[in-house]
*Asks:* 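Below you will find the structure I want to go over with you.
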There are 2 protein chains.
Amino acid sequence: MLTNLKRPKTLKETALKQLREAIALGHFAPGERLVERVLCEKLGVSRTVIRECIRHLESDQLVTTVPNVGPTVASLDVTQIEEIYEIRTMLEVSAVTSCAANADDEVISKLEMYYEHISHALEEDNIQQALSDTRKLYKTIFDAGEKSVAWDLVEQLNGRIGQLRALTLRTHGRSVEGPKKLLAIIEAIKQHDEDAAAQACKDHLKQAKEIALQQVNSLNSQ
Amino acid sequence: MLTNLKRPKTLKETALKQLREAIALGHFAPGERLVERVLCEKLGVSRTVIRECIRHLESDQLVTTVPNVGPTVASLDVTQIEEIYEIRTMLEVSAVTSCAANADDEVISKLEMYYEHISHALEEDNIQQALSDTRKLYKTIFDAGEKSVAWDLVEQLNGRIGQLRALTLRTHGRSVEGPKKLLAIIEAIKQHDEDAAAQACKDHLKQAKEIALQQVNSLNSQ
DNA sequence: TTAATTAATATTGTATACCATCATACAATA
DNA sequence: TATTGTATGATGGTATACAATATTAATTAA
């Protein structure tokens with residue numbers, strides 16, 4: 001990265017980020033009411049800021065607002081979760097395929113670097129770091145495949161299942177399955193084998209979906 | 001409808017709708033600055049409301065905000081437009097396929113009814129009505145296919161190319177091509193022929209995409 | 001005249017106070 | 001027990017204030 005284009009970070013941005021994380025980390029239960037004044041105190045900002053944040057989250061469908069009642073943390077049913085993984089599969093397969101067709105050496109070495117980072121982070125049980133690097137790896141793939149719109153959608157969908165993902169990593173984090181599948185994707189890209197890349201990507205997501213659904217079941221039955 | 005379950009419409013909602021329409025109808029040029037004060041006057045609401053609306057549009061990617069400068073109407077490049085149609089194709093094909101597999105008589109008669117409405121509206125050159133009915137028809141398809149998440153995304157993507165769509169209808173509105181393709185989709189659904197439905201859907205979108213790109217070119221060269 | 005600086009003005013970001021309306025929990029009553 | 005008030009609190013919305021930053025106009029230098 002040569003220059004960091006934008007960065008006067010505004011209070012609203014940081015507050016929004018904090019709220020997003022709090023929801024993803026499960027600090028608010030699905031269905032829980034978000035009371036403006038409480039959030040003001042907790043984040044130390046004014047109601048103005050909180051309200052704008054909530055509008056943003058609302059439009060991201062991370063919270064659901066009922067007029068005159070207020071916002072609550074959105075919850076997903078199993079059908080929606082399955083659909084999210086299904087759509088992610090379409091989008092990611094499309095990106096991975098295109099990336100396999102176009103990737104140059106620079107992209108490939110970048111992917112391998114991130115893979116190293118991820119393995120390392122997982123060895124040290126640093127889940128957050130692994131997640132962050134995985135995201136960077138995928139962004140590289142989408143960039144190389146020239147799928148900027150798809151990337152936005154994937155990020156959005158991931159946001160909606162953020163709670164699940166955090167949970168999944170907490171319980172399945174040190175599993176070696178995930179990285180293996182990732183490696184398969186990278187290998188296929190390296191060899192410009194579009195079909196193999198697509199298949200590896202499908203496998204990867206199928207597994208992720210299964211773990212997520214498992215997670216949901218254990219949550220619901222508990 | 002026995003009871004109107006709809007929530008009380010809030011000022012913010014109506015203002016948001018107006019802004020969305022204004023953008024879609026091209027009343028604001030891409031890249032144009034949206035000044036809060038001006039919008040307040042124009043819509044007759046307070047700054048708070050306007051700001052909340054802008055946050056919403058921002059998250060919908062209809063406007064781009066630079067801190068301390070303000071929001072501007074987002075613009076799309078050709079690559080992104082192509083990608084949007086590509087993604088819409090994936091999502092709609094998925095929905096149409098699933099709908100063809102599951103549709104019962106009620107759904108089918110509903111689809112046929114909407115088709116009638118659309119033909120009628122087009123005959124009378126009532127573009128807005130045709131658009132609105134087309135949307136309802138698609139919503140019926142997505143509902144029957146149980147693709148609520150995909151529907152949200154399609155709506156979002158359509159919002160981002162709203163300007164183009166309005167333009168397209170204005171110039172190609174009375175073309176009989178569009179409805180014909182729609183009819184093919186409905187026929188395939190009626191016969192529960194998933195493959196034919198998928199193919200008809202692909203054709204439909206391919207054509208829409210071509211018209212849109214043509215539109216973009218004439219805009220850029222002009 | 002044109003370029004560069006500086007002063008003036010707008011606009012955004014944020015905070016705060018205020019009010020009307022609606023929702024909910026609780027108490028009083030029938 | 002069921003109903004009706006009533007108190008309380010939250011939200012939707014408005015208005016105002018002010019610092020920080022952008023933009024524009026005005027002024028000065030080249």
Side-chain angles (χ1 to χ4, degrees), chain A residues 3-23 27-75, chain B residues 3-23 27-75:
Chain A
T3 56
N4 205 346
L5 283 193
K6 23 179 138 180
R7 268 303 109 101
K9 80 173 152 184
T10 163
L11 269 189
K12 181 217 127 206
E13 270 176 86
T14 62
L16 185 58
K17 198 176 165 191
Q18 286 182 276
L19 286 177
R20 277 221 175 83
E21 269 171 23
I23 293 177
H27 290 164
F28 301 106
E32 184 174 341
R33 285 267 313 268
L34 295 176
V35 181
E36 291 177 359
R37 245 188 347 194
V38 176
L39 298 178
C40 290
E41 288 169 13
K42 204 162 287 189
L43 299 187
V45 294
S46 77
R47 228 183 124 198
T48 312
V49 174
I50 290 294
R51 285 176 67 170
E52 290 188 10
C53 288
I54 288 178
R55 292 314 153 225
H56 213 118
L57 296 173
E58 189 184 331
S59 139
D60 287 347
Q61 305 196 61
L62 281 163
V63 308
T64 312
T65 297
V66 178
N68 294 317
V69 174
T72 59
V73 178
S75 58
Chain B
T3 57
N4 200 348
L5 292 184
K6 266 174 202 169
R7 38 208 212 243
K9 70 174 170 179
T10 160
L11 265 190
K12 184 214 124 206
E13 273 176 81
T14 62
L16 185 57
K17 197 175 166 192
Q18 286 181 275
L19 285 177
R20 276 221 175 84
E21 268 171 23
I23 293 178
H27 291 165
F28 301 106
E32 185 175 341
R33 287 237 350 236
L34 296 177
V35 180
E36 293 176 2
R37 221 198 63 240
V38 176
L39 298 179
C40 290
E41 289 170 10
K42 206 161 287 190
L43 300 188
V45 294
S46 77
R47 235 182 117 199
T48 310
V49 174
I50 290 294
R51 293 192 118 239
E52 290 185 359
C53 289
I54 288 177
R55 291 313 152 229
H56 223 289
L57 296 172
E58 192 183 327
S59 150
D60 287 347
Q61 304 195 62
L62 280 160
V63 308
T64 312
T65 297
V66 179
N68 292 315
V69 174
T72 58
V73 177
S75 58

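So that the names make sense, note that chain A is the first sequence line, chain B the second, and so on, each numbered from 1. Values below: all heavy atoms of this structure, side chains included; hydrogens, waters and symmetry mates excluded.
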*Asks:* Quick one: CZ on A:R55 to CG on B:L57, what's the gap to the nearest 0.5 Å?
*Replies:*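 These two atoms lie 13.5 Å from each other.
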*Asks:* Select one nucleotide: of D:dT11, D:dT23, D:dT14, the one nearest the side-chain heavy atoms of B:V69.
*Replies:*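 Of all the options, the side chain of B:V69 is nearest to D:dT23.
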*Asks:* Roughly, in whole Å, what's the span from CG in B:N68 to P in D:dT21?
*Replies:*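 In whole Å, D:dT21 P lies 7 Å from B:N68 CG.
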*Asks:* Base, sugar-phosphate, or nothing: which does A:I50 touch, judged by heavy atoms less than 4.0 Å apart?
*Replies:*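 No contact at all - A:I50 keeps every heavy atom at 4.0 Å or more from the nucleic acid.
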*Asks:* Side-chain contact, heavy-atom cut-off 4.5 Å: B:K17 with B:E13?
*Replies:*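 No; the side chains remain at least 4.5 Å from each other.
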*Asks:* Requiring both pairing distances under 3.5 angstrom, list the stems that contain DNA chain C and are made of three or more consecutive Watson-Crick or G-U pairs.
*Replies:*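 C:1-30 with D:1-30 - these are the stems of 3 or more pairs that involve DNA chain C.
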*Asks:* What is the separation between atom CD on A:E13 and atom P on C:dG13, rounded to the nearest whole Å?
*Replies:*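 After rounding, the reported distance stands at 10 Å.
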*Asks:* Round to a whole Å and report the spacing from CG of A:L16 to C1' of C:dG13.
*Replies:*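 Atom-to-atom, A:L16 to C:dG13, this comes out as 15 Å.
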*Asks:* Nearest whole angstrom, please: distance from the P of C:dT14 to the CZ of B:R47.
*Replies:*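 These atoms are roughly 11 Å apart.
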*Asks:* Nearest-Å distance, CG (A:L11) to P (D:dA20)?
*Replies:*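 Taking atom P of D:dA20 as the reference, CG of A:L11 is at 13 Å.
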*Asks:* How long is the span from the CG atom in A:L62 to the SG atom in A:C53, to the nearest 0.5 Å?
*Replies:*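 Reported value, rounded in 0.5 Å steps: 12.0 Å.
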*Asks:* B:T48 side chain N/O closer than 4.0 Å to the phosphate oxygens (OP1, OP2) of D:dA15?
*Replies:*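 Negative; the distance criterion is not met.
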*Asks:* Base, sugar-phosphate, or nothing for B:R37, non-hydrogen atoms under 4.0 angstrom?
*Replies:*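 The answer is sugar-phosphate, as B:R37 gets under 4.0 Å only of primed atoms, P, OP1 or OP2.
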*Asks:* Any idea which of D:dG12, C:dG13, D:dT11 is nearest the B:T10 side chain?
*Replies:*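 Of the options given, the side chain of B:T10 lies nearest D:dG12.
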*Asks:* Within a strict 4.5 Å, meaning less than it, do heavy atoms of the B:Q18 and B:H27 side chains meet?
*Replies:*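 No. Closest side-chain heavy atoms not under 4.5 Å.
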*Asks:* Between the base of D:dA15 and the side chain of B:S46, is there a donor and acceptor pair under 3.5 angstrom?
*Replies:*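 No, the side chain and the base share no sub-3.5 Å donor-acceptor pair.
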*Asks:* Could you tell me whether the side chain of B:T10 reaches within less than 4.5 Å of the side chain of B:V49, counting heavy atoms only?
*Replies:*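 Sidechains of B:T10 and B:V49: no contact.
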*Asks:* Please classify the nucleic acid contact of B:L34 as base, sugar-phosphate, or nothing, using heavy-atom distances under 4.0 Å.
*Replies:*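 Result for B:L34 = sugar-phosphate.
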*Asks:* Return the value, rounded to whole Å, for the distance between atom NZ of B:K9 and atom P of D:dG13.
*Replies:*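 So the NZ-P distance, B:K9 to D:dG13, works out to 12 Å.
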*Asks:* What is the separation between atom CZ on A:R33 and atom P on D:dA10, rounded to the nearest whole Å?
*Replies:*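 After rounding, the reported distance stands at 8 Å.
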*Asks:* Between B:R33 and B:V69 (side chain of the first, backbone of the second, donor and acceptor by atom type, cut-off under 3.5 Å), is there such a pair?
*Replies:*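 Answer holds: yes.
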*Asks:* Between OG1 of B:T14 and CG of B:L43, what distance do you get to the nearest 0.5 Å?
*Replies:*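 Rounded to the nearest 0.5 Å, the OG1-CG separation comes to 8.0 Å.
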*Asks:* Checking only heavy atoms, does the side chain of A:R51 share a donor-acceptor pair with the base of D:dG13 at less than 3.5 Å?
*Replies:*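 Yes, the side chain and the base share a sub-3.5 Å donor-acceptor pair.
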*Asks:* Would you mind reading off the distance between B:L43 atom CG and D:dT14 atom P, rounded to a whole angstrom?
*Replies:*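 To the nearest whole Å, that distance equals 11 Å.
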